[in-house]
Amino acid sequence: METKKAIISVKNLVKKYDDFVAVQDLSFDVYENEIFGLLGPNGAGKTTTLEIIETLRAKTSGEIIVDGFSVDKQAHEIKQIIGVQLQAAGYYPNLNLIELIELFAGLYGANIKPMEMLEKVNLQDKAKAKYKALSGGQKQRFSIATTLINQPKIIFLDEPTTGLDPQARRNLWDLITEIRSNGTTVVITTHYMDEAEQLCDRVAFVERGQIIALDTPDNLIDKLVSSGFERKKEVKKANLEDVFINLTGKEWRE
Amino acid sequence: MNDNNINAQPDREELNSGMKKENINRISGYSNTKATLALAKASFRSIIRSPSAVVFTLAFPLIFILVFGFLGGGGTHIDIGISPGSDLKNPVIVMLEKTGMIRLVKDKSKKDFAKLLEKGNVDAMIDVHRKVNSVAYSVNVVYTSASMDKGNILKSVLNNLFYDKNLKPSIAEIKESTIHGREYKTIDFILPGQLGFSLLSTGVFGTAFVFLSLRQTLVIKRFFATPVKRSSIVIGEGIARIGFALIGALFIIVLGNLFFGFTLVHGAITVVNMLVLATLGVIVFMGFGFIISGIAKNESMVPPISNIVTLPQFLLSGTFFSIEAFPKWLQPISRALPLTYLNDAMRKVAFEGLNLWDVKFQIMILVIWGIGIYAVAVKVFKWE
Ligand SMILES: Nc1ncnc2c1ncn2[C@@H]1O[C@H](COP(=O)(O)OP(=O)(O)O)[C@@H](O)[C@H]1O
Ligand SMILES: [Mg+2]
């Protein structure tokens with residue numbers, strides 16, 4: 001097996017909010033150019049972990065290296081090589097999408113053509129629209145466009161598909177896959193297992209601030225099956241979502 | 001296979017060329033100036049599209065200027081300077097004091113009076129003394145063309161006195177003359193006041209709202225995920241706010257000058273001096289905005305807290321009335337407020353043609369206020 005290079009390395013990460021321990025002793029590596037999933041229920045500590053890696057929150061203890069830079073001393077360098085989609089970020093009021101992209105280009109010091117960025121996420125028709133006027137899926141796609149402005153080595157997506165309809169989710173999966181195939185490492189959080197199975201090369205299950213399993217989706221499933229697990233119900237060749245997509249079509253529809 | 005090799009996709013030409021460009025950027029270093037200017041541009045666009053900013057900065061002051069511009073006149077007081085050395089215990093002065101509309105200004109030197117008269121700050125000068133070898137008084141009045149209408153009122157008042165039965169024997173003569181002065185119009189008082197208030201509201205309300213909403217909608221958090229510095233965010237916002245305030249100020253000044261004859265003694269130079277003062281003013285007032293954005297828990301708390309800052313200054317800083325018209329006990333409060341000094345400096349620069357050095361005292365008070373406000377702002381301002 002080929003040896004994979006870790007682009008993010010998290011060792012013994014601990015985060016306390018006063019007395020409450022949100023993240024306890026987390027360790028994992030993210031490999032270059034993979035799609036890495038952090039899975040877990042609400043409140044598990046996914047956002048906290050991401051934002052510490054993104055240098056947006058201070059950690060209590062532990063060591064994190066991002067592409068050779070330490071989060072403690074080289075936050076500025078890290079910010080230049082990552083793209084961040086926050087779970088609930090807003091955008092500057094009263095500006096249209098083109099103007100927002102221009103703003104971010106200035107903030108990152110990047111020379112890009114705003115329209116090309118919008119084309120990457122299929123929002124060229126919305127160039128003059130305000131962020132507030134976008135649908136849920138469009139908002140997420142726009143957020144992803146802003147993460148790509150500095151041609152980052154790694155992008156972080158925090159629950160990008162939560163609240164989206166099946167079509168919009170699938171559009172986003174295609175987009176994320178495409179971004180990865182362009183050479184970018186993707187770290188994504190989600191609580192949809194089908195999404196993780198489709199999208200992620202490796203996943204870590206986080207529960208109460210701890211990793212309880214970390215492997216490829218295939219290996220995790222195989223392990224479970226080999227332990228003698230069987231689904232109660234006979235698995236059909238399709239599920240209800242497949243029916244829905246089949247009936248309503250898969251095209252971009254917002 | 002080679003899925004770890006980022007340059008292994010020849011069919012992604014667009015992205016690869018983008019990456020090369022970006023590599024060059026990274027080597028050449030990150031530009032804080034560029035980030036600051038990008039923010040200033042975004043903020044400026046946002047401000048001019050926000051109805052409340054335009055209403056407070058332009059519409060509001062213009063409406064007041066229009067109203068007062070057309071109303072004209074207004075003041076019913078006639079200020080009369082009493083020449084130093086003039087006899088105070090004489091029937092003429094006593095009678096004048098009894099007429100409700102006349103205010104006597106004493107205890108000023110001849111030189112001071114000459115200036116006040118020229119600017120129309122006093123409407124006339126009077127000198128009363130007993131004629132040599134006579135019981136009758138000689139009254140010497142100097143009017144000013146800077147305040148002709150009030151001078152005329154005084155003239156008729158004096159004439160009435162002259163023909164008054166009781167006084168007749170004691171007044172021998174009234175000598176009258178008129179000096180040439182600059183006419184001090186209502187607009188010359190109202191416009192600087194409105195301008196000051198416009199700067200106050202855009203500085204306080206605008207800054208407070210913007211930073212609170214950027215914080216609450218996590219716009220600032222998203223900014224923090226980019227390499228931008230905090231100082232760039234503050235300076236960028238400041239540039240936009242000041243730029244907008246100055247455009248508003250210029251608009252108000254030019255409109256006032258063209259349509260209401262607002263006096264600009266040295267023309268364009270006066271305008272530039274006023275804009276320099278406006279910049280200083282808006283920077284100081286933005287400090288209040290930073291503080292309010294830090295202590296307000298939500299947007300609905302911004303207007304009441306902002307009003308605590310702006311209303312007293314609106315009423316007490318000589319926006320509509322000269323603070324000399326206030327009761328004595330109120331005047332010290334007026335003299336503590338920063339807008340008082342901005343208004344004062346603006347009027348002196350515009351109407352009296354003073355330069356910035358001449359109003360250094362007012363500027364100094366504003367700077368002291370600024371230091372105090374920003375010392376507090378640094379403590380209470382919240383980023384997240
Ligand atoms: N700023 C904060 N202050 C206090 N507690 C927090 C804060 N942010 C998150 N938490 C708590 O930490 C835990 C993990 O939160 P989070 O990382 O947002 O979880 P997830 O993203 O997995 O839903 C939750 O119990 C949450 O309430
Ligand atoms: Mg979360």
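Only this structure's heavy atoms are used, side chains among them; waters, hydrogens and symmetry mates stay out. Convention: sequence-line order gives letters A, B, ...; per-chain numbering from 1.
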* Asked: Is there side-chain contact between B:Arg45 and A:Leu95, with heavy atoms separated by less than 4.5 Å?
  -> yes
* Please check if atom CZ in B:Phe314 has more than 12 non-hydrogen atoms from other residues, nucleotides or ligands closer than 6.0 Å. => yes
* Under 4.5 Å from a heavy atom of chain B, the part of A:Leu86 involved -> side chain
* What part of A:Glu99 is in contact with chain B, defined as an atom under 4.5 angstrom from a non-hydrogen atom: side chain, backbone, both or neither? -> both
* Asked: Picking from B:Ala38, B:Ser213, B:Gly236, B:Ala225, which has the most non-hydrogen pairs under 4.5 angstrom with chain A?
  -> B:Ala225
* Structure fact -> Ranked by heavy-atom pairs below 4.5 Å to chain A, first place among B:Ser31, B:Ala35, B:Ser50 goes to B:Ala35
* Side chain of B:Arg49, backbone of A:Asn94: donor and acceptor closer than 3.5 Å? -> yes
* To do: State whether the number of non-hydrogen atoms from other residues, nucleotides or ligands found under 6.0 Å of B:Lys229 atom NZ is greater than 12.
  => no
* To do: Kindly say whether A:Leu107 contributes a backbone atom to a donor-acceptor pair with the side chain of B:Tyr30 at under 3.5 angstrom?
  => yes
* Asked: Side chain, backbone, both or neither: which part of A:Phe156 has an atom under 4.5 Å from a heavy atom of chain B?
  -> neither
* To do: Please state whether the side chain, the backbone, both or neither of B:Leu214 comes within less than 4.5 Å of a heavy atom of chain A.
  => side chain
* Asked: Is it the side chain or the backbone of B:Lys221 that comes within 4.5 Å of chain A heavy atoms, both, or neither?
  -> both
* Do other residues, nucleotides or ligands put more than 12 heavy atoms under 6.0 Å from A:Phe28 CZ? -> yes
* Checking heavy atoms, do the side chain of A:Thr146, its backbone, both or neither come under 4.5 Å from chain B? -> both
* Structure fact -> Heavy-atom nearest pair, B:Pro227 first then A:His76, reads O-CE1, 3.2 Å
* Whether B:Ser46 side chain and A:Pro93 backbone form a donor-acceptor pair below 3.5 Å -> yes
* Asked: Should we count NZ of B:Lys382 as having more than 12 external heavy atoms under 6.0 Å?
  -> yes
* Structure fact -> Rounded to the nearest 0.5 Å, the CD atom of A:Glu54 sits from the CZ atom of B:Phe224 at a distance of 14.0 Å
* 4.5 Å side-chain heavy-atom contact, B:Arg222 and A:Phe104 -> yes
* To do: Considering only heavy atoms and a distance below 4.5 Å, find which of B:Asn32, B:Thr217, B:Val219, B:Ile233 pairs most often with chain A.
  => B:Val219
* Asked: What is the ring orientation for B:Phe223 with A:Tyr92, classed by angle as parallel under 30°, tilted 30 to 60°, or perpendicular over 60°?
  -> parallel
* Could you tell me which portion of A:Glu51 (side chain, backbone, both or neither) has an atom closer than 4.5 angstrom to a non-hydrogen atom of chain B? => side chain
* **Segment of B:Ser232 engaging chain A (4.5 angstrom heavy-atom cut-off)** => neither
* For chain A, find its close neighbours in residues 369-381 of chain B: heavy-atom separation under 4.5 Å, sorted by number, or none. => none
* Asked: Considering heavy atoms only, which positions within residues 294-312 of chain B lie below 4.5 Å of chain A?
  -> none
